[in-house]
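Report on the following structure.
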Amino acid sequence: MAKRQLTPRALLRLPLTFYDRPALEVSRELVGKCLVRRNESHEWTGRIVEVEAYIGEDDPACHAYHGLTPRTRVMYGPPGHAYVYFTYGMYFMLNVVVHAEGSPAAILIRALEPVSGFEELEDPRPASGPGKLCKNMQIDKSLNGVSLLSRQLWIGQRPGMKEKLEIRWSSRIGIREGTNRLWRAYLFGNPFVSRKSNPGDPTSPSEPDPASGGLYQFRAKK
DNA sequence: GTGAAGATCGCC
DNA sequence: GCGATCTTCACG
């Protein structure tokens, strides 16, 4: 008998309650879960190995830093939905909206370890990088605001999986402000993580940076 | 209406 | 290290 494969069929979809929690808590637990994207003709599955949290109106790197705008409307909405935006004139970015409605917070999916659906691509790391994975999984703005309990885009886990993962935290990549907050979580040593931590980062900690704003709550506005 | 920046990526 | 490429938003 062929060895058992990790197919979407073997995954249980994460419930809404998974997303309805503080962002760093969800970030930590998203690592290791599987993202599934399905359209009319294809299905892709990848294991999440790298994410970044963008939290609240006092996080200078978060799009909600300037408050509610047409673009950030989804971030202010209920958890468990996709926030997809366009940047640099050519790339889409996929985020997961988390925490309570009215508390803008999103988690950027930065890298996946391919599980299935990427076989025809030549790129050995077709989902390492937030822009790249959206391009290769045909994720664009038409998915902005869709529920992550839908069948075209969802996140699941294998039942009974309780493996211990070595997750480390670093500052977020590609931002100019808010670099003091260690809100990037990644699977240590995994070759599909998009890139090494920034030089000059604090030594990779095993916990998110408590001094940067509190582990599980929003920082008070000043 | 206009200008500047941007949660990137691949090539020089 | 740099340019591509165009949406979004702040500002006037």
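Letters A, B, ... mirror the listed sequences (proteins, then strands); counts begin at 1.
In this structure, A:D123 places its CG atom 10 Å from P of B:dC11, rounding to the nearest Å. Across the protein-nucleic acid pair, A:E50 atom CD and B:dA7 atom P stand 16 Å apart, rounded to whole Å. Between the CD1 atom of A:I55 and the P atom of B:dA7 there is a distance of 16 Å, rounded to whole Å. Rounding to whole angstrom units, CZ of residue A:R195 and P of B:dG10 are separated by 13 Å. Regarding A:Y54, its OH atom lies at a distance of 12 Å from the P atom of B:dG6, rounded to whole Å. One atom, CZ of A:R71, and another, P of C:dC9, lie 5 Å apart when rounded to the nearest Å. Rounding to whole angstrom units, CG of residue A:N144 and C1' of B:dA7 are separated by 15 Å. In this structure, A:R172 atom CZ and B:dT8 atom P are separated by 12 Å, rounded to whole Å.
Applying the Watson-Crick and G-U wobble criteria (two distances, each under 3.5 Å), B:dA7 pairs with nothing in any strand. C:dT5 makes up no base pair with any nucleotide shown, lacking Watson-Crick or G-U wobble contacts both under 3.5 Å.
Under 3.5 Å, the side chain of A:Y88 and the base of C:dA4 form no donor-acceptor pair of N or O atoms.
Relative to the side chain of A:N95, the nucleotides C:dA4, B:dG10, B:dA7 differ in distance, and B:dA7 lies closest. Among the nucleotides C:dC9, B:dA7, C:dC6, the one closest to the side chain of A:F86 is C:dC6. When distances run from any side-chain atom of A:T69 to the nucleotides C:dC9, B:dA7, B:dC9, the shortest one goes to C:dC9.
Among the atoms of the strands shown, base atoms are found under 4.0 Å from some heavy atom of A:L108. Base contact: A:M90 has a heavy atom under 4.0 Å from a base atom. Here A:G89 lies in heavy-atom contact (under 4.0 Å) with a base.
The two residues A:L24 and A:W169 have their closest heavy-atom pair at O-CH2, 3.7 Å. A pairwise comparison of heavy atoms in A:S194 and A:G129 identifies CB-N, 3.9 Å as the closest pair.
Taking 4.0 angstrom as the limit, A:K141 places a side-chain polar atom (N or O) nearer than this to OP1 or OP2 of C:dT8. Side-chain N/O atoms of A:T87 include none lying less than 4.0 angstrom from OP1 or OP2 on C:dT7. An OP1 or OP2 oxygen of B:dA7 is reached within less than 4.0 angstrom by a side-chain nitrogen or oxygen of A:H63.
The one candidate from A:R110, A:E50, A:E52 that meets the side-chain contact (heavy atoms from CB on, under 4.5 Å) condition with A:P130 is A:R110.
The aromatic rings of A:H63 and A:Y85 sit perpendicular to each other, their planes meeting at more than 60°, with 30° as the lower class boundary.
Map A:R176 and A:S128 each onto its nearest nucleotide of DNA chain B; the residue landing nearer the 5' end is A:R176.
No donor-acceptor contact under 3.5 angstrom links the side chains of A:S147 and A:S150, judged on distance only.
Here A:D140 does not pair with A:K135 in a salt bridge; the nearest charged N to carboxylate O distance is not below 4.0 Å.
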